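Down below is the structure, laid out as structure tokens.
Remember, it's 1-based here, ligands and their atoms both numbered in the order they're listed. Predicted model, so just to flag it, every value in this text is computed and none were measured. Heavy atoms only: backbone and side chains are in, while hydrogens, waters and symmetry mates are out.
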Amino acid sequence: MKADINEFLTALKAKTAGEKEFHQAVQEVVESIWDVYQQNPRYKKAKILERMTEPERVIMFRVPWVDDLGEVQINRGYRVEFNSALGPYKGGLRFHPTVTLSILKFLGFEQTFKNSLTSLPMGGGKGGSDFSPKGKSDNEIMRFCQSFMTELQRHIGPHTDVPAGDIGVGGREIGYLFGQYKRIRNEFTGVLTGKGLAWGGSLIRPEATGFGAVYFVHHMLSLLGKDIAGQTFSVSGFGNVAWGAITKIAELGGKVVTISGPDGYIYDADGIHGEKIDYLLELRATNNDIVEPYAEEFGAKFYPDRRPWEQKVDIAIPCATENEVNLEDAQLLVKNGCFLLAEASNMGCTADAAEYLIKAISYAPGKAVNAGGVAVSGLEMTQNSQRLNWTREEVDGRLHIIMREIHDTCVRYGREGDKINYVKGANVGGFVKVADAMLAQGVV
Ligand code: 2IT
């Protein structure tokens with residue numbers, strides 16, 4: 001079995017040299033689904049895996065714009081339309097200097113399985129740019145978004161491809177992108193999600209990724225006979241996902257003691273709650289991408305250039321970016337008594353950290369834990385099609401059900417003795433639906 005997997009991966013790597021994040025994401029899925037693949041000769045005959053690992057379409061384009069000093073700037077824009085077996089391509093846009101084709105291919109590949117797990121009719125895609133919003137003025141961000149959409153609009157549409165936000169793309173950017181799409185196409189449609197409430201957005205979408213992650217953790221804890229209340233949490237990041245997770249944990253009686261940024265991390269022994277949670281939004285709005293000011297504001301401790309995983313906690317929820325927990329971090333967490341790690345970031349753990357955590361504690365991967373964000377994007381699309389806005393209770397109620405069902409799927413496909421292998425459960429559960437749809441739709 002190992003030899004066959006290696007043969008497949010060697011061929012993939014030869015075709016996609018240098019795309020190391022993409023290789024990491026594919027390897028994890030292939031190892032999880034290999035048994036199912038072998039048991040189903042129809043998949044092999046139709047070359048489902050070879051097709052699934054080749055994006056249906058990749059669009060790369062120049063994004064020229066003029067900065068506040070009148071200088072011309074050039075960035076690269078991307079949209080990876082990975083898989084449309086289950087619905088229109090769906091997934092976020094990331095604006096960050098680390099964006100490469102490899103990063104967006106890994107994210108688009110993961111998105112395909114994540115979207116499948118939500119049970120909503122969405123294919124997988126991802127896009128973005130190496131543009132850095134850090135330190136940019138509002139006008140510069142608007143001009144960049146307008147230039148980006150001037151090209152992207154040719155390739156997307158409410159029945160074709162529906163982007164949303166990711167790192168560096170929030171409500172403000174979605175507004176500028178939507179405005180430019182509407183102006184060029186002369187159409188008011190649900191072509192993007194994460195829109196403002198007055199112009200087609202959904203209640204709970206800003207909270208959805210973080211809330212959904214905590215609902216998922218609640219189900220993981222239930223299986224262990226435990227509860228959120230009374231547990232101590234470490235969280236990384238201080239953006240939209242961390243904000244949503246901390247809000248829900250505080251509401252349910254848990255205590256979050258860390259947040260982090262590119263500059264280091266904060267340890268707040270008293271826990272992050274109340275006005276401290278609102279302050280995260282202020283900090284984000286400064287566009288400086290540093291977390292240190294929290295320490296001065298609330299008298300907490302700041303550890304420059306370090307990661308929060310060295311603190312003693314019960315539960316860790318990485319909410320920042322890929323590969324933010326390495327093997328050493330994972331071992332330190334477990335040594336200090338951490339018994340559960342749920343990734344709210346996409347591929348938050350390195351491959352060796354994930355392998356270790358599967359055996360050591362209760363560990364769940366991003367494509368299951370953070371699926372609440374795209375799930376509520378799917379519900380935003382439904383509301384746009386109906387030309388209706390649902391109540392907060394309606395959306396949150398559906399989010400609860402979706403997260404419970406994703407957890408059920410992980411348990412169904414991931415049970416190994418008295419443990420749940422959530423990585424296997426999520427990968428097999430997500431894969432089977434996409435593979436069967438591809439079989440039904442022929443060689444396309
Ligand atoms: O990683 C993700 O699932 C997202 N950034 C959200 C995608 C979406 O379409 O809402």
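No side-chain donor-acceptor contact under 3.5 Å links N115 and Y89. Between the side chains of N346 and E322, no donor N or O sits under 3.5 Å from an acceptor N or O.
With distances taken over non-hydrogen atoms, the option nearest atom 2 (C) of ligand 1 out of E380, K367, K114 is K114. Proximity annotation for atom 6 (C) of ligand 1: of E110, K126, R205, R205 comes nearest, heavy atoms only.
For G378, the heavy-atom gap to ligand 1 stays at 4.0 angstrom or more. For the pair M122 and ligand 1, no heavy-atom separation below 4.0 Å is found.
Atom 7 (C) of ligand 1 has its closest protein heavy atom at G92 N, 3.6 Å. Counting only heavy atoms of the protein, atom 5 (N) of ligand 1 lies nearest to D166 OD1, 2.9 Å.
The proximity of V162 to ligand 1, defined as any non-hydrogen pair under 4.0 Å, does not occur for either the backbone or the side chain. Neither the backbone nor the side chain of M381 has any atom closer than 4.0 Å to an atom of ligand 1 (non-hydrogen atoms only).
Here W243 and F238 keep their ring centres 6.0 angstrom or further from each other. Ring pair F148/F95: centre-to-centre distance below 6.0 Å. Aromatic ring centroids of F431 and Y413 lie 6.0 Å or more apart.
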